[in-house]
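Residue numbers start from 1 in every chain, and the chains themselves are labelled A, B, ... in the order their sequence lines are given, proteins ahead of strands.
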Number of protein chains: 4
Amino acid sequence: MSEHRSGPVRNEAARQAILEAAASLFEEHGYDRLTMEGIAARAHTGKQTIYRWWRSKGDLVADCLLEGLILPDQLIPPSTGDVRADLAVWLERIFGLLQDSRGEGLLRSLVAAAAGNADVGRRLRNSLWANSSLIERLRAAAETGELPADLPLPEVSEALLGAVILRALGREAADPEAVDRLLTVVLGVR
Amino acid sequence: MSEHRSGPVRNEAARQAILEAAASLFEEHGYDRLTMEGIAARAHTGKQTIYRWWRSKGDLVADCLLEGLILPDQLIPPSTGDVRADLAVWLERIFGLLQDSRGEGLLRSLVAAAAGNADVGRRLRNSLWANSSLIERLRAAAETGELPADLPLPEVSEALLGAVILRALGREAADPEAVDRLLTVVLGVR
Amino acid sequence: MSEHRSGPVRNEAARQAILEAAASLFEEHGYDRLTMEGIAARAHTGKQTIYRWWRSKGDLVADCLLEGLILPDQLIPPSTGDVRADLAVWLERIFGLLQDSRGEGLLRSLVAAAAGNADVGRRLRNSLWANSSLIERLRAAAETGELPADLPLPEVSEALLGAVILRALGREAADPEAVDRLLTVVLGVR
Amino acid sequence: MSEHRSGPVRNEAARQAILEAAASLFEEHGYDRLTMEGIAARAHTGKQTIYRWWRSKGDLVADCLLEGLILPDQLIPPSTGDVRADLAVWLERIFGLLQDSRGEGLLRSLVAAAAGNADVGRRLRNSLWANSSLIERLRAAAETGELPADLPLPEVSEALLGAVILRALGREAADPEAVDRLLTVVLGVR
DNA sequence: CAATAAGCGAGACGGTACGTCTCGTCTTGCT
DNA sequence: AGCAAGACGAGACGTACCGTCTCGCTTATTG
């Protein structure tokens with residue numbers, strides 16, 4: 001005597017099509033101009049099928065993040081043995097992304113999505129800075145003694161990424177000197 | 001033969017009413033649920049009068065910022081002579097603001113506004129971290145020798161505020177220990 | 001070698017539950033707001049079980065009629081020996097039904113159902129005026145000589161019921177004088 | 001000091017376009033398949049412009065009736081001097097209309113619209129039988145003595161039209177003999 | 001007495017239309 | 001000319017049902 005619920009199960013193809021449609025439209029137009037009707041149309045799906053499984057645009061985008069459909073994997077810092085240099089490269093790469101309007105829009109769309117939806121915020125937090133490759137790189141450096149062992153890595157990560165986001169929101173161009181100064185402040189090494 | 005147009009000139013009362021209506025609705029409902037229609041109604045104004053002088057909702061909110069109608073001045077750090085303690089108080093005050101849903105929404109609404117509109121972003125940058133009371137406080141500390149004279153204050157400011165915003169976006173509660181660790185990382189004092 | 005398929009046969013309980021659910025919802029909300037989903041839910045039935053046996057909402061309502069689940073039997077004219085008086089009573093009773101909103105909706109729902117579905121129309125015709133108790137009453141009167149033997153009863157019936165329906169559609173209140181004039185016109189007696 | 005309301009007045013072109021779109025779609029597809037979206041599209045109008053002025057599809061169709069955009073004027077009885085013959089021709093013409101599916105649908109759509117909307121019902125009543133050309137024809141006959149002067153014309157009209165509608169709802173074909181019998185019953189002449 | 005095939009409840013699916021909301025523009029008449 | 005009021009075309013929102021389809025039972029007949 002099971003807990004059995006009769007009836008059809010969720011259609012995985014539809015789920016995938018919706019997530020992919022949402023992700024591609026997100027990258028094309030950004031969060032604000034992302035519409036449920038557009039997603040449904042591109043996914044060849046009824047709108048109701050979206051609303052059946054996600055309560056809002058934000059929820060849907062949050063799932064896209066979880067599935068890795070939105071964020072480029074170029075955000076992994078290099079690992080040459082010199083943290084300071086690796087992080088400088090990483091930061092400049094990110095700032096580079098923000099130069100062209102695609103990347104600029106992507107980051108700001110993510111921020112807007114996170115600002116508008118708690119779930120997106122939390123998931124973004126997990127995938128971007130709480131359990132990120134950045135933290136991994138920092139931990140590796142701490143273990144080799146390159147960084148002080150008692151450096152609180154989450155706060156370092158937050159300070160770095162926070163500064164990046166702030167510059168992006170403020171539409172401030174990033175020069176190598178600024179990157180250098182930021183690293184000096186946060187890593188405490190000259 | 002003057003350059004002067006005929007007809008009435010801009011109605012200052014209308015301008016003020018619109019800015020105040022926008023600011024109050026912004027604080028009540030946040031950026032997303034702020035509508036041009038609602039602003040016009042509360043300001044007893046025609047919508048066209050808004051569109052005549054501001055190109056978008058974002059522009060309007062940016063002006064509200066400039067006029068100091070939106071951000072509470074509670075964000076000025078105290079000045080007791082102990083930077084570390086002052087900043088700790090300041091950070092905890094901000095995190096406190098983010099606890100209740102009003103302040104939570106306010107910050108995230110500002111972030112969303114900045115993400116969606118370049119002008120808002122730049123103006124927010126100027127009033128919040130580039131020329132802010134935070135920088136003032138840091139400069140004072142640098143002058144008294146409390147902080148190293150060569151500490152790059154803009155980067156310190158960015159790292160601190162950036163971390164705050166990141167925690168807000170990630171819906172992360174802030175505890176005193178985290179504040180302490182953050183200050184340790186950024187100010188480089190234990 | 002029988003023609004009999006294997007497998008279970010039609011579930012009579014389900015059939016009954018569906019008809020009853022349809023009839024009760026019809027009386028509660030009228031034809032327009034009658035939904036297949038609502039019927040299925042009230043009958044604890046899958047929608048497919050309805051569609052398996054009826055092609056449309058109209059078909060289903062038509063069957064409800066046939067089973068006598070919808071029309072009250074209060075529509076039988078009295079039989080006191082005085083046709084004119086009996087029909088007057090009958091007409092006023094019907095007009096009375098139409099006064100309160102339940103009966104008003106019922107008749108108009110029937111009309112709407114008939115207008116939208118040929119089968120409903122034909123079945124309604126049979127149960128309401130072609131082989132109705134009204135015709136019975138008229139025939140009895142014709143046999144006793146109260147009415148002319150050559151009076152074409154179907155046309156009399158149509159004229160009377162048609163007038164009733166017209167008044168209902170036109171939202172015209174019915175007064176006893178109007179009933180009297182109608183009977184004068186149709187029965188040809190003063 | 002007037003009751004003046006500033007702002008633009010109703011756009012007559014839009015009003016006309018909407019009524020014409022509704023009327024044409026009504027004749028093409030009938031009441032049930034008439035959609036607000038279709039009307040808005042054909043009228044090059046926003047849906048809101050329809051809902052601003054009419055509360056429902058029914059209201060809109062009622063106005064189409066008032067404007068004479070829906071009903072063909074073929075419903076005027078001829079006037080040869082012989083009422084009985086004129087009405088026979090008129091009835092047969094109507095029954096003829098009901099033969100082809102366009103007219104069939106039109107009448108039943110009108111009935112459905114009237115059944116579903118009180119306003120449509122009342123307006124249809126006024127334009128179809130309360131102040132109709134049928135009544136005119138009957139009155140003329142009463143004045144020339146062709147019909148008894150005390151014949152209650154509204155009831156005659158109701159009985160005739162009611163019978164027509166009943167046959168239409170019951171999907172009953174009409175033969176000349178039936179028409180004749182109906183006239184005998186209602187006009188009381190042989 | 002299995003195999004098999006239909007009935008059944010539940011409910012997901014692709015759709016259509018709904019009625020509402022807001023946008024940014026346009027129009028009107030007052031000041 | 002500036003303004004308030006507000007109508008307008010546009011189009012996304014989230015909801016309600018439609019009629020079909022798929023699932024995993026259950027159940028009667030038949031080989």
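A/Arg15 is listed as a side-chain neighbour of A/Glu67, based on a closest heavy-atom distance under 4.5 Å.
A salt bridge links A/Asp63 with A/Arg123; the closest basic N to acidic carboxylate O contact falls under 4.0 Å.
Rounded to whole Å, the distance from CE on A/Met36 to P on E/dC21 is 19 Å. Look at CZ on B/Arg33: it is 9 Å from P on E/dT22, rounded to the nearest Å. Atom CG of C/Asn11 is separated from atom P of E/dA5 by 22 Å (rounded to the nearest Å). The nearest whole Å value for the distance from the CD1 atom in A/Ile50 to the P atom in E/dA12 is 16 Å. The distance between atom CD1 of D/Ile39 and atom P of E/dA17, rounded to the nearest whole Å, is 11 Å. Separating the CG atom of C/Leu60 from the P atom of F/dG19 is a distance of 12 Å, rounded to the nearest angstrom. Atom CD1 of B/Ile18 is separated from atom C1' of F/dG2 by 12 Å (rounded to the nearest Å). One atom, CG of C/Asp32, and another, P of F/dA16, lie 18 Å apart when rounded to the nearest Å.
Which of F/dG19, E/dG14, E/dA6 sits closest to the side chain of C/Tyr51 comes down to F/dG19. For D/Ala14, whose side chain is taken as the heavy atoms from C-beta onward, the closest listed nucleotide among F/dG9, E/dC13, E/dC21 is F/dG9. Closest to the side chain of A/Lys47, out of F/dC21, F/dC13, E/dT28, is F/dC13. Looking at the side chain of D/Gln48, the nearest of the listed nucleotides F/dG6, F/dC13, E/dC21 is E/dC21. Distance from the side chain of D/Glu37 is smallest to E/dC18 among F/dG19, E/dC18, F/dA4. Each of E/dG14, F/dC13, E/dC13 was ranked by its minimum atom distance to the side chain of A/Thr45; first place goes to E/dG14. Of the listed nucleotides (E/dC23, E/dA17, F/dC18), E/dC23 has the atom at the smallest distance from the side chain of B/Thr35.
Within the 4.0 angstrom heavy-atom criterion, base atoms lie near A/Arg52.
Contact between the side-chain N/O atoms of D/Trp53 and the OP1/OP2 oxygens of F/dC8 is found at a separation under 4.0 Å. Taking side-chain N and O atoms only, C/Thr49 has a distance below 4.0 Å to OP1 or OP2 of E/dG9.
Mapping C/Ala43 and D/Pro8 onto DNA chain E via the closest heavy atom, the residue that lands nearer the 5' end is C/Ala43. Of the residues near DNA chain F, B/Glu12 and D/His44, the one whose nearest nucleotide (by heavy atom distance) lies more toward the 5' end is B/Glu12.
The minimum heavy-atom distance linking C/Asn117 with C/Val120 is given by the pair OD1-N, 2.9 Å. What you find for A/Gly30 and A/Ser109 is that their closest heavy atoms are CA-OG, 3.1 Å.
Counting only distance, with no hydrogens or angles, the side chain of A/Arg42 and the backbone of A/Ala40 share no donor-acceptor pair below 3.5 Å.
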